[in-house]
Novice: 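This is the structure I want to talk about, given as structure tokens.
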Amino acid sequence: MVPEIADFWGRLPLELIERILDLLVDDYDLDPAYQWTTLRHTARRQKRRIERFFWDYWLPKLTITLYSGPRCQIDYRLSSRVNGDSAENSQVRFQTLGPGPSNSLNKEDIRTLWDQYSFENRVAHLRLGEGLLNHGMTGGYIVNDTDIVDLQVEDDGFGIAFDWRRTFDALLREEVMMRKFQVEMATDIKAKLASERRWPPFPRIQRLVLVKQFVLDIQMAKRVAVQKHRFKRHDPSGRTLIESMTHESRHLHKQPLPPLPPPTEPRRACCAICSRRTGPSIFEIVACEESVVLSLEDWQQLSKEELLDLYAEAYGWNCYRCLGQKDNIEWQRTSKNDWLTVCSSTAEKLHSVRRWNPWF
């Protein structure tokens with residue numbers, strides 16, 4: 001801190017300083033990543049206050065999803081706080097209602113899935129603020145495959161317990177890291193396009209160009225960078241494989257992978273989805289669920305008309321990328337137009353919760 005500023009703060013009454021910090025923290029109530037990773041460390045009182053807020057507000061809005069193959073998703077949500085209702089406690093318990101009519105899993109199947117969970121094999125993902133963050137905009141929540149710290153699984157697999165503080169720490173630190181990488185990557189792309197005289201002069205066209213770059217490059221590149229950082233911390237030798245980078249999502253993360261081993265059982269003849277035995281990687285989840293439009297600077301100031309156009313633009317490039325239509329620009333345009341003409345209302349298109357679907 002600059003000496004003059006430090007001297008100024010040192011002369012303020014403690015009550016006034018606390019009030020200023022209170023107002024600052026309140027301004028970021030709907031930005032849990034910044035509030036947790038930065039503002040929580042401003043003062044002891046603010047740390048206690050923010051942790052209590054997360055305990056009361058954000059913890060019930062955290063969902064942990066366990067995957068079995070391409071179709072089955074089992075959500076776990078807050079059931080109870082272990083050892084009483086106090087933010088000082090570290091352990092919380094999440095619970096699921098168990099297998100539903102849409103899948104044939106039993107208790108043993110669910111327990112087996114959790115037994116496979118490890119640093120290298122993330123069969124469960126975390127979502128925070130579905131339908132709430134970024135004003136409830138479609139694809140505006142936080143989703144990642146960060147660690148569920150000190151995970152304990154009950155015998156029937158229907159309940160789990162974990163350290164909520166350290167789990168939030170893992171989730172939100174990586175969210176802030178991705179924001180940093182995203183800003184750097186977007187700045188580099190704009191500079192490159194400008195140097196090639198391909199950066200348009202009109203803001204609306206600039207946003208369309210950025211949406212394309214986000215979908216085809218930055219959205220996945222920032223996650224690759226974070227994944228590599230995570231694994232480097234876990235294993236500095238670099239021998240640990242990044243299991244979230246799968247052959248199924250190779251068209252997204254674009255990383256080299258070793259050849260697939262021979263299948264242990266014959267693949268079904270109908271299609272790749274029916275033959276698939278693994279759940280989605282975080283790259284597949286993000287491609288379907290996360291909106292790059294909300295990565296644009298000051299998107300809140302845009303009209304509904306432009307937001308719809310940008311969401312459609314992103315959808316078109318996603319289809320272009322995921323369906324192997326490389327260099328087929330007409331496919332992107334057709335897909336964009338299809339999205340715009342779907343019979344959903346504007347509210348449904350801009351404010352909905354969309355989960356990963358293998359047929360997307």
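Each residue takes its place number in the sequence, starting with 1. Just so you know, these numbers use all the heavy atoms, side chains as well, and skip hydrogens, waters and symmetry mates.
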Novice: Less than 4.0 angstrom from a charged side-chain N to a carboxylate O is my criterion; do R77 and D75 meet it?
Specialist: yes

Novice: R230 and side-chain contact (heavy atoms from CB on, under 4.5 Å): which single residue from Q227, R233, H234 fits?
Specialist: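 Result for side-chain contact (heavy atoms from CB on, under 4.5 Å) with R230: Q227.
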
Novice: What is the minimum heavy-atom distance between E289 and W356, and which atoms define it?
Specialist: OE2-N, 3.0 Å

Novice: Would you call I160 and R93 a side-chain contact if the rule is heavy atoms closer than 4.5 Å?
Specialist: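 No - every pair of side-chain heavy atoms lies 4.5 Å or more apart.
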
Novice: D163 and L151: side chain to side chain contact (heavy atoms under 4.5 Å, CB included), yes or no, with the steps?
Specialist: CA-CA 7 Å; D163 187 312; L151 175 66; over 6 Å; no

Novice: Answer with yes or no whether the side chains of Q182 and S295 bring together a donor and an acceptor at under 3.5 Å.
Specialist: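 A pair is found: one side chain offers a donor N or O, the other an acceptor, under 3.5 Å apart.
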
Novice: Is it true that a side-chain atom of E284 and a backbone atom of I282 form a donor plus acceptor pair closer than 3.5 Å?
Specialist: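 Not at all, since once roles are kept as given, no pair shorter than 3.5 Å links the two residues.
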
Novice: Heavy-atom count check: over 12 atoms from other residues, nucleotides or ligands less than 6.0 Å from W114 CH2?
Specialist: yes

Novice: Is it true that a side-chain atom of E306 and a backbone atom of S303 form a donor plus acceptor pair closer than 3.5 Å?
Specialist: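 No; zero donor-acceptor contacts below 3.5 Å.
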
Novice: Check whether K349 reaches the backbone of W339 with its side chain - one donor and one acceptor, N or O, closer than 3.5 Å.
Specialist: yes

Novice: Do we see a donor-acceptor contact under 3.5 Å between the side chains of T138 and S291?
Specialist: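 No pair is found: no donor N or O on one side chain lies under 3.5 Å from an acceptor on the other.
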
Novice: Could R49 and F53 be counted as a cation-pi pair, given that NZ or CZ must be under 6.0 Å from the ring centre and within 45° of the axis?
Specialist: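 That pair does not qualify as a cation-pi contact.
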
Novice: Indicate yes or no: does R179 engage D31 in a salt bridge with an N to O separation below 4.0 Å.
Specialist: yes

Novice: What heavy-atom pair brings Q206 and P200 nearest, and what distance separates the two atoms?
Specialist: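 Heavy atoms only, the tightest pair is NE2-O, 2.8 Å.
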
Novice: Could you walk me through whether F119 and F231 pass ring-ring contact (aromatic ring centres under 6.0 Å, His included), step by step?
Specialist: CA-CA 9 Å; F119 183 89; F231 275 78; 4.8 Å; yes

Novice: Before accepting this row, confirm whether a basic side-chain N of the pair D188/K192 lies closer than 4.0 Å to the acidic partner's carboxylate O.
Specialist: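 Not counted as a salt bridge, because no side-chain N and carboxylate O are separated by less than 4.0 Å.
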
Novice: Ignoring hydrogens and geometry beyond distance, is a side-chain donor-acceptor pair present between W317 and E313 at under 3.5 Å?
Specialist: yes

Novice: Flag the pair E297 and R207 as a salt bridge only when some basic side-chain nitrogen lies within less than 4.0 angstrom of an acidic carboxylate oxygen.
Specialist: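 No.
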
Novice: Checking side chain to side chain contact (heavy atoms under 4.5 Å, CB included) for the pair S335/Y320: CA distance, chi angles, key distance, verdict?
Specialist: CA-CA 8 Å; S335 301; Y320 169 94; over 6 Å; no

Novice: Is it true that a side-chain atom of D298 and a backbone atom of Q301 form a donor plus acceptor pair closer than 3.5 Å?
Specialist: no

Novice: Should R111 and E108 count as an ion pair when the cut-off is N to O under 4.0 Å?
Specialist: no

Novice: Would M245 and F283 satisfy side chain to side chain contact (heavy atoms under 4.5 Å, CB included), going step by step from the backbone distance to the final call?
Specialist: CA-CA 8 Å; M245 295 182 186; F283 296 97; 3.8 Å; yes

Novice: Taking 4.0 angstrom as the limit, do D309 and K336 come out as a salt bridge?
Specialist: yes

Novice: Please identify each residue that fulfils side chain to side chain contact (heavy atoms under 4.5 Å, CB included) with S345, with sequence neighbours left out.
Specialist: A347, E348

Novice: Among all residues two or more places apart in sequence or in another chain, which pass the side chain to side chain contact (heavy atoms under 4.5 Å, CB included) test with D169?
Specialist: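 For D169, the residues satisfying side chain to side chain contact (heavy atoms under 4.5 Å, CB included) (neighbours in sequence not counted) are W36, R40, R173.
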
Novice: Thinking salt bridges, do E130 and R355 make one under a 4.0 Å N-O criterion?
Specialist: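 Salt bridge between E130 and R355, a charged N being under 4.0 Å from a carboxylate O: yes.
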
Novice: Report yes if the side chains of E290 and Y141 come closer than 4.5 Å at any heavy-atom pair, otherwise no.
Specialist: no

Novice: Are a donor atom and an acceptor atom from the side chains of E175 and N144 found within less than 3.5 Å of each other?
Specialist: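 Absent: no donor and acceptor within the cut-off.
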
Novice: Taking the six-membered ring of F214, is NZ or CZ of K212 closer than 6.0 Å to its centre and within 45° of its axis?
Specialist: no

Novice: Would one find more than 12 heavy atoms of other residues, nucleotides or ligands at under 6.0 Å from atom CZ of F181?
Specialist: yes

Novice: For atom CD of E196, decide whether the heavy atoms of other residues, nucleotides or ligands shown that lie under 6.0 angstrom number more than 12.
Specialist: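 Yes.
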
